[in-house]
Amino acid sequence: MAESQRLAAPAPAAVRAPARYTVLALPAGGHRRPEPGLVAGPFETGGRRTSAALLTGVPGFADGPFTVDGRTAVGEVTLHNRAELLAALSAAGRPAEPACPDGELLLRCWLALGPDGLRTADGMFTLAVLDGPDLVLLRDHVGARTAFHCRTRDGGWAVSSSLRALRERPDVDTGLDLAAVRSFLTFAYLPGTETLLRGVSELLPGRVTRLGADGSVRTEEFWEPQHRTAGAELTTGQYASELLELLEQAVARRLPAGEDVAVLLSGGVDSSLVTALAARLHDRPVHTYSISFGNELPNELGYSGLVAAHCDTRHRVLTVPGEQVAARLADTVALLDSPVGDPLTVPNLMLAEAVAGDGLSVSLNGEGGDPVFGGPKNLAMLVFELLREDPSEQARADAYLHTYRKCWEDLPVLLTGEALAALDALGPDAHPRRHVAPYLTDRRMPSLLDQLLHCNLRTKGAHHILTKVERLTSSQGVQGRSPLFDRQVVDHAFGTPPALKLRGTEEKWILKEAVRDLLPDTVTYRPKSGMRVPVQQWLRGPLSELAGDLLLGPAARARGLFRPDTVETWMRGGGLLLPRQGGKLWLLLTLELWLRAYDL
């Protein structure tokens with residue numbers, strides 16, 4: 001492709017660092033034991049003995065520590081618009097060295113430009129900054145990377161991008177958080193700040209979180225998607241053309257300079273449009289990867305093969321037998337900071353291994369189309385709104401919980417009496433609806449559809465989709481990048497009238513209109529089917545013995561969470577679960593494996 005046809009030069013290739021990070025702040029005079037795996041520090045900051053360090057042996061993309069204006073920081077930072085940020089610093093009279101690390105550049109932007117500097121930054125990041133007596137934590141707009149924080153036994157703060165690192169600290173008291181167990185069984189992931197470790201919280205995206213020496217936690221919003229009311233309404237064609245331009249920019253910024261790039265291609269419109277744009281904009285070969293569970297099962301390989309041929313990519317199909325899932329599930333779950341009730345975790349890890357095995361360091365994906373532009377999850381709630389009789393805000397939130405169709409309705413027969421009583425004692429403030437209710441009543445979003453999209457973006461997007469992608473790909477030294485979660489793309493989506501996102505029964509209509517010239521109509525406008533994962537077959541076959549041993553074994557019984565009679569009934573195929581039975585058992589199995597991996 002001619003140079004003039006490419007939108008922009010790709011961003012510099014990412015520098016991989018085999019580490020995550022940890023930060024510790026202790027009271028003045030506090031004694032810190034030597035910790036294996038920590039390098040750099042300690043530092044004296046505001047009369048406090050502190051350390052900001054890389055945690056070796058835990059795969060990630062961390063760098064640091066580095067110090068700017070007396071503040072020391074470490075983090076996992078990948079920026080896609082360095083030139084724009086360097087120009088902003090120069091304009092503010094605070095120029096930075098062009099070759100400075102991404103983490104240092106982000107720190108300089110925050111110190112010189114404040115929230116505006118963070119809003120302007122386009123990338124994936126968490127950064128921990130020692131700022132006088134406080135620790136300041138920055139998480140990117142949408143939550144591509146994350147970190148966790150908790151109090152230490154002697155009154156300090158511990159922060160890490162690895163939840164396991166906090167679990168293993170001798171000065172941190174953690175145990176199982178029962179409210180988080182209920183949330184996981186409701187959502188199949190953990191939304192919000194909640195983690196399964198009692199007293200440990202996850203950062204929220206688009207926020208600056210300040211951990212005070214006095215134990216206070218203060219958060220400041222630097223970005224949140226907003227409904228935009230244009231002075232003069234754009235035409236449908238203008239909305240579509242603007243969106244296509246933003247998608248081109250988002251993909252171009254995420255392409256690695258001088259390297260081939262991978263794209264995870266399911267055959268749906270989201271991953272297909274990313275493939276088409278990468279093939280158009282990159283000056284190196286594009287490698288595409290798809291998953292098969294066997295020819296006897298319904299699949300989308302015909303569509304992914306069609307897109308690969310249309311875009312002239314180097315295409316591979318990975319077959320994932322149930323026996324490999326059974327053999328690798330425990331190790332895969334242990335890589336995650338929180339369990340994910342998604343049966344694609346092992347296949348996702350195998351895809352990352354294939355990408356790394358082919359010598360590629362950057363993998364693009366089509367994640368984000370549903371939470372940003374409106375996928376099928378919203379239809380049930382729109383119908384509920386038309387028919388509901390209870391006008392209360394709680395009724396809407398409860399209906400949203402039911403749409404997940406996980407274990408929410410089964411909790412009275414699934415959890416033991418002791419577990420139910422302990423949950424009741426926590427009171428209404430610990431109810432799972434607290435994670436979604438604020439979004440579903442947010443008057444800044446005048447339409448229910450945008451409230452639903454906002455909720456999905458801030459819960460499932462930040463705490464399931466992006467974190468799963470990041471943890472599994474980084475375990476293989478690969479950066480997983482998600483162009484459809486680009487901040488400017490998200491801003492445009494929330495400024496688009498709801499009728500253009502859901503047009504009649506056509507979901508993501510404006511997205512499809514924007515890219516209709518990139519792909520065959522048979523791909524763009526086909527009904528969404530999703531990947532059929534044979535969970536039921538796995539649980540009846542290669543996973544049956546493992547599931548029985550774990551869920552009905554002495555360790556699970558001693559923990560006292562689940563009623564063995566209910567688990568036995570589900571495993572025999574009884575109950576009223578119908579097609580959702582396999583998915584619910586999968587939640588229990590992955591939770592049990594995660595609890596064992598974390599010694600809980």
Side-chain angles (χ1 to χ4, degrees), residues 9-23 37-43 45 50-114 116-131 135-141 144-147 159-162 203 208 222 253-259 361-362 470 473-474 477-481 487:
V15 177
R16 283 183 271 167
R20 294 205 184 281
Y21 68 85
T22 189
V23 178
L38 291 184
V39 295
F43 304 92
T45 305
T50 61
S51 72
L54 301 188
L55 183 66
T56 60
V58 184
F61 299 93
D63 60 0
F66 33 77
T67 300
V68 176
D69 296 342
R71 280 87 159 187
T72 299
V74 292
E76 299 182 40
V77 182
T78 301
L79 298 175
H80 304 315
N81 64 335
R82 288 179 55 90
E84 182 181 358
L85 298 176
L86 289 167
L89 287 173
S90 293
R94 300 282 295 277
E97 288 294 326
C100 71
D102 281 0
E104 180 183 333
L105 179 56
L106 183 67
L107 177 60
R108 290 181 180 276
C109 285
W110 176 61
L111 293 176
L113 305 172
D116 286 341
L118 299 179
R119 271 190 293 273
T120 304
D122 178 21
M124 311 180 292
F125 57 83
T126 54
L127 191 70
V129 186
L130 298 168
D131 185 24
L135 285 177
V136 179
L137 312 176
L138 318 176
R139 187 180 182 190
D140 63 66
H141 306 70
R145 294 200 173 132
T146 192
V159 175
S160 182
S161 60
S162 167
L203 294 184
V208 177
F222 69 83
R253 285 195 295 262
R254 287 161 176 78
L255 294 171
E259 297 182 20
S361 63
V362 172
E470 197 281 330
T473 55
S474 69
V478 175
Q479 280 199 8
R481 300 179 179 178
R487 180 251 309 165

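Residues Gly477 and Phe61 approach most closely at C-CZ, 4.1 Å, considering heavy atoms. Shown here for Ala62 and Tyr21, the closest heavy-atom pair between the two residues is CB-N, 4.1 Å. In terms of heavy-atom proximity, Leu85 sits nearest to Gly117 at CD2-O, 4.3 Å. Closest approach of Cys100 to Ala96, counting heavy atoms only: SG-CB, 4.3 Å. Nearest heavy atoms, Thr473 versus Gly480: OG1-N, 3.5 Å. Summarising the geometry of Gly123 relative to His80, their closest heavy-atom pair is CA-CD2, 3.6 Å, with the distance given to 0.1 Å.
At distances below 3.5 Å, not a single donor-acceptor pair connects side-chain atoms of Arg487 with backbone N or O atoms of His141. Although no hydrogens or angles enter the test, the distance criterion places a donor-acceptor pair under 3.5 Å between the side chain of Thr22 and the main chain of Val159. Without hydrogens or angle criteria, Arg139 side chain to Arg145 main chain gives a donor-acceptor distance under 3.5 Å. Here the side chain of Arg119 pairs a donor or acceptor atom with the backbone of Phe222 at under 3.5 angstrom. In this structure a side-chain-to-backbone donor-acceptor pair under 3.5 Å is missing from Arg108 to Leu86.
The structure places CZ of Phe125 at 11.0 Å from CG of Leu105, a figure rounded to the nearest 0.5 Å. With rounding to the nearest 0.5 Å, the separation of CZ in Arg254 from CG in Asp122 is 5.0 Å. The CG atom of Leu79 lies 11.5 Å from the OG1 atom of Thr120; values are rounded to the nearest 0.5 Å. Annotation: the span from Met124 atom CE to Glu76 atom CD amounts to 9.5 Å, rounded to 0.5 Å. Here the straight-line distance linking atom OG of Ser161 with atom CG of Leu137 works out to 11.5 Å at 0.5 Å rounding. Of the inter-residue distances, the one linking Leu113 atom CG with Leu118 atom CG reads 9.0 Å to the nearest 0.5 angstrom.
Of the listed residues (Leu127, Val136, Asp102), just one forms a side chain to side chain contact (heavy atoms under 4.5 Å, CB included) with Leu107, and that residue is Leu127. Partner of Trp110 under the side chain to side chain contact (heavy atoms under 4.5 Å, CB included) criterion, chosen from Leu138, Val68, Asp116: Leu138.
Thr72 and Thr67 share a donor-acceptor pair across their side chains, judged by distance under 3.5 Å alone.
Side-chain contact between Cys109 and Leu89 is present, with heavy atoms from C-beta onward closer than 4.5 Å. Counting heavy atoms from C-beta outward, Val362 and Val478 have side chains that stay 4.5 Å or more apart.
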